[in-house]
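See below for the structure under consideration.
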Amino acid sequence: MDELIREILARPEAGGEVTVRGWLRTARHAKKVSFLEVFDGSCMAGIQAVAGPECARFEDEVRGLGTGCAVEAVGELVDSPGQGQRFELHAREVRLVGGVDDDYPLQKKRHGFEFLRTIAHLRPRTNTLGAVLRVRDAASRAIDDFFHERGFVQLHSPVITLSDAEGAGDMFRVSTLDPSNPPRDDQGAVDYKQDFFEAPSYLTVSGQLEAEIGALALSRVYTFGPTFRAENSNTSRHLAEFWMVEPEVAFCEIEGLADLAEDFLKSVFRQVGEKCEDDLAFFDARIDDSVLSTLEHVIEQPFERITYTEAVEILEASGRKFEFPVSWGADLQSEHERFLTEEHFGKPLIVTGYPKGIKAFYMYCNDDDQTVAAMDVLVPRIGEIIGGSQREHRLDVLKRRIADQGLPEEEYWWYLDLRRFGSVPHAGFGLGFERLVQFMTGMANIRDVIPFPRVPGNASF
RNA sequence: UCCCCGGUAGCUCAGCUGGUAGAGCAUGCGGCUGUUAACCGCCUUGUCGUAGGUUCAAGUCCUACCCGGGGAGCCA
C-alpha cells in the first residue's frame, strides 16, 4: 500500500515521487493551474496537489474536478512556495477515481451538526467528524494500552443477558417470538419458554457483574464494549447504545480505585494528546477553546478528593441558590456537581462515601452503616464521567442489602456464590466512552462523537 | 417524560406592527499568471415542517400534530 498523507507530511524533507489517493476537500482553478486539496482521513491536514497544463488529462479532466471527487495524484513532492503548507505535490498525473453528482451535500463551508447527522454516511469526510473519529480511535487504543501495561486482562462480557441484575434502567428485549402472535401459557401470559433462550432476554446494561467474576479469578480485568439503555432520555449526554469501559480489580479497596481512576484519565489524556495533536488543536480553535487547557489540567493537576459529606458542607456554605435543595441523604444534582467541579475546585473531582440509601445494593457498606464506598469522578462541562465502587464482598451484608432493596435473592445465586467461595475485597468503575470523547474534544452533543448514534426515535444508518 | 426555543432554496440564515419570498455559499456557465473555506461576473433554485382555523389578505396570528435543538429528570 502507498503512504498515507499523514506519513508523507511527516517526512523530513521533500523530494521523490509520491502517490496520493483520497477525496477533494476543495479545488481551486486558476487560469493555468489547478490546486487540489486532497485528504485521505489519515490526519487533519490534506496535501495540495498542483496541476498545470503539463499534467496528464489537464484540460479534459482536472479542470472539472470539484469538492468530493475521489482522485489519485502522482507527482513529485516539493517544498511549497505558498503559505499554509510545508510540502505540495507537483502532479504529473491526476486520475479521477470516482466523480460526484452535482447534488453532493458537503460543501467547503461549515455545516450544522444537526444536518450532518442526517447524512451520517458522508459526515466522516468533514474535518470535525474525521477528527472525532481519530480521537475516538486513539482513546480506545490508549485505554487498552493503559490496562494491559498494568496487567489487566480484557474480558469479553456478553451483550445478551437474562436479567436486569443491576436494576439500572430499562432494557431492550431480545426475542425471536412473533410479536403479533406470541405463544401463550395456561395463564394467557407470553410463554418465554418457547423463546430462543427459553427465558425473557435483554441487551446488557452493564458488564459489571461479569467483570466481578473475571476479577475473582484473574485479579485484574476490564470490559470494553457496547451497552444498551432503553430509557427515553433526550439529552446531549445520552445514547441508547454506547460503549462502556469497566475495570474490576481484586484485592482493591476504594482508595485504590480512586487512584486507578485518576491514573487512568491522566494516562489516556496524555496518550491521546501526543497522538492527536493536530486534531485537538482543531477542536480548541473551532469547537471549544478550553480543550487544550482542559487536557493540560487533567494531565498535570492532582484531582481533588472529597467525601460526599464534605461536598454537602461545601454546597451548603456556598451561599448559592440551587434549584434543587442540598441536604445530606439526597443525591447530588447536575447543578451541584457542576458547581463543585467547575466553580469551587475548577478541576476534576473525586467524591466518595455516598449515603447507602441512594446507591446500588452491591456497594460496600462502610463501618458507619450510613454510607457506602461509592466513587464518582466529576469533570467540568460533562459532570459525572466515572462512577464506581468497592463491592460488598461479605456474604451476610450483601444478602441483607438485597433483602432491604426488595430484590429477588434467587436471581443473584451465582453473584452470592462468589462471596461463599474465596471472596476478597474488590472494586471497579464504569466509564461512558462517548462522554470521555466528548470531554476530550469539547463536542457539545454526544451524538456527534459516535459514528452511528442510536437515540429514542432514531436508529438510521 | 417535563420545560423553553426553533422548522423559509441543496447548505447557513434574514424576512419588523399580517399585504402574494430574499442574501451568502453550493451547483452550472464565463473570467482570473500560485491559490489557501481563493477571488470576480452571470444564471438557476422554494407545496415558507404537516393539517386545520381566523382574515379581503397568513412565512408572519391561533390550535393540533410531526421533527430538531437547549435545559431538566434518569444515568454512563
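Every chain is numbered from 1, with letters handed out A, B, ... down the list of sequences.
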Please examine the side chains of E384(A) and E337(A), heavy atoms only from C-beta on, and report whether any two atoms are closer than 4.5 Å.
yes
Any salt bridge between R447(A) and E434(A), counting N to O under 4.0 Å?
no
Tell me whether the side-chain N or O atoms of Q48(A) pair up with the base of U35(B) as donor and acceptor below 3.5 Å, since no angle test is needed here.
yes
Taking every heavy atom of R125(A) against every heavy atom of G68(A), the minimum-distance pair comes out as NH1-O, 3.9 Å
Any chance the side chains of T235(A) and H238(A) put a donor and an acceptor closer than 3.5 Å?
yes
S389(A)-R391(A) side chain donor-acceptor pair, cut-off 3.5 Å
yes
Check if the side chain of N234(A) and the base of U1(B) share a donor-acceptor pair of N or O atoms closer than 3.5 Å.
yes
Quick one: label E384(A) by what it contacts on the DNA or RNA (base, sugar-phosphate, nothing), any heavy atom closer than 4.0 Å.
sugar-phosphate
Among A72(B), G34(B), U27(B), the one nearest V33(A) by side-chain distance:
G34(B)
Considering every strand and a 4.0 Å limit on heavy-atom distances, what is the contact class for F35(A): base, sugar-phosphate, or nothing?
base
Please test F461(A) against H121(A) for side chain to side chain contact (heavy atoms under 4.5 Å, CB included), starting from the C-alpha separation and ending with a verdict.
CA-CA 7 Å; F461(A) 302 96; H121(A) 58 311; 3.4 Å; yes
Roughly how many Å is it from CZ in R286(A) to P in A37(B), rounded to a whole number?
8 Å
For G82(A), report the nucleic acid contact type (base, sugar-phosphate, nothing); a contact means any heavy atom under 4.0 Å.
base
Categorize G52(A) for me: base, sugar-phosphate, or nothing, with a 4.0 angstrom heavy-atom threshold over every strand shown.
nothing
is_close_aromatic(F361(A), Y412(A)), centroid dist under 6.0 Å:
yes
Atom CE of M44(A) and atom P of A37(B): how far apart are they, to the nearest Å?
14 Å
Choosing from A38(B), U33(B), G70(B), which nucleotide comes nearest the side chain of R28(A)?
A38(B)
I'd like the P distance from C39(B) over to U47(B), given in whole Å.
29 Å
No-H, no-angle donor-acceptor pair, S233(A) side chain to C74(B) base, under 3.5 Å:
yes
Compare the minimum distances between each of G70(B), G69(B), G73(B) and the side chain of S236(A), then state the nucleotide with the smallest one.
G70(B)
Among U35(B), C32(B), A72(B), which is the nearest nucleotide to the side chain of Q85(A)?
U35(B)
Distance in angstrom units between L24(A) CG and U36(B) P, rounded:
17 Å
Assign each of V455(A) and F113(A) to its nearest nucleotide of RNA chain B by heavy atoms, then name whichever residue's nucleotide is nearer the 5' end.
F113(A)
Roughly how many Å is it from CG in L332(A) to C1' in A72(B), rounded to a whole number?
16 Å
Pair pattern of RNA chain B in dot-bracket, where unpaired bases get dots and | marks partners in another strand, Watson-Crick or G-U under 3.5 angstrom
(((((((..((((.....[..))))..((((.......))))......(((((..]....))))))))))))....
Separation of G28(B) atom P from R63(A) atom CZ, nearest Å, is 14 Å
For E262(A), is there an ion pair with R305(A) - N to carboxylate O distance below 4.0 angstrom?
yes
Ignoring hydrogens and angles, are the base of C75(B) and the side chain of H238(A) linked by a donor-acceptor pair under 3.5 Å?
yes
What I want to check is whether the side chains of Y354(A) and D331(A) have a donor and an acceptor closer together than 3.5 Å.
no
Could you work out which one of A38(B), C32(B), G34(B) sits closest to the side chain of S80(A)?
G34(B)
Ring geometry between Y222(A) and F152(A) (parallel below 30°, tilted from 30 to 60°, perpendicular above 60°):
perpendicular
Taking atom P in both G31(B) and G49(B), what distance in whole Å separates the two?
40 Å
Check: Q107(A) side chain, G10(B) base, donor-acceptor under 3.5 Å
yes
Can you tell me how far P in A37(B) sits from the matching atom in G73(B), rounded to whole Å?
42 Å
Could you measure between the two C1' atoms, the one in C5(B) and the one in C42(B), and give it in whole Å?
40 Å
Distance check, P atoms only: C4(B) and U36(B), in whole angstrom units.
48 Å
For C65(B) and C43(B), measure between their C1' atoms and round to the nearest Å.
40 Å
Look at the side-chain N and O atoms of R237(A) and state whether any lies under 4.0 Å from the OP1 or OP2 oxygen of G71(B).
no
Counting the benzene-type ring for Trp, do F433(A) and F224(A) have ring centres under 6.0 Å apart?
yes
Classify I385(A) by what it touches in the nucleic acid, base, sugar-phosphate, or nothing, heavy-atom distance under 4.0 Å.
sugar-phosphate
Any idea which of C11(B), G69(B), G73(B) is nearest the H111(A) side chain?
C11(B)
H336(A) has an atom NE2; how far is it from atom C1' of C74(B), in whole Å?
16 Å
On RNA chain B, more 5' by nearest nucleotide between K32(A) and E323(A) is K32(A)
Quick one: the side chain of E335(A) and the base of G71(B), do they pair up donor-acceptor inside 3.5 Å?
no
Using the side-chain heavy atoms of T235(A), tell me which of these nucleotides is nearest: G34(B), G69(B), A72(B).
A72(B)
Look at the side chain of H29(A) and the base of C32(B), then say whether one donor and one acceptor between them are separated by less than 3.5 Å.
no
Nearest to side-chain heavy atoms of R229(A), which nucleotide of C11(B), C75(B), G34(B)
C75(B)
Counting only side-chain N and O atoms of R25(A), is one of them less than 4.0 Å from OP1 or OP2 of U36(B)?
no
Touch class at under 4.0 angstrom, heavy-atom based, for E88(A) against every strand present:
base
If I pick the P atom on U8(B) and the same atom on C13(B), what distance separates them, to the nearest angstrom?
9 Å
Round to a whole Å and report the spacing from CG of D102(A) to C1' of G28(B).
8 Å
Nearest to the F324(A) side chain among G73(B), C74(B), G34(B), which nucleotide is it?
G73(B)
Choosing from U1(B), G69(B), C75(B), which nucleotide comes nearest the side chain of N232(A)?
U1(B)
Treating K266(A) as the side-chain partner and V298(A) as the backbone partner, does any N or O pair qualify as donor plus acceptor under 3.5 Å?
yes
Determine the interatomic distance between C1' on U45(B) and the same-named atom on G6(B); round to the nearest Å.
24 Å
Name the nucleic acid region contacted by R447(A), choosing base, sugar-phosphate or nothing; use a 4.0 angstrom heavy-atom cut-off, strictly under.
sugar-phosphate
Integer-rounded Å distance: U27(B) P and L65(A) CG
12 Å
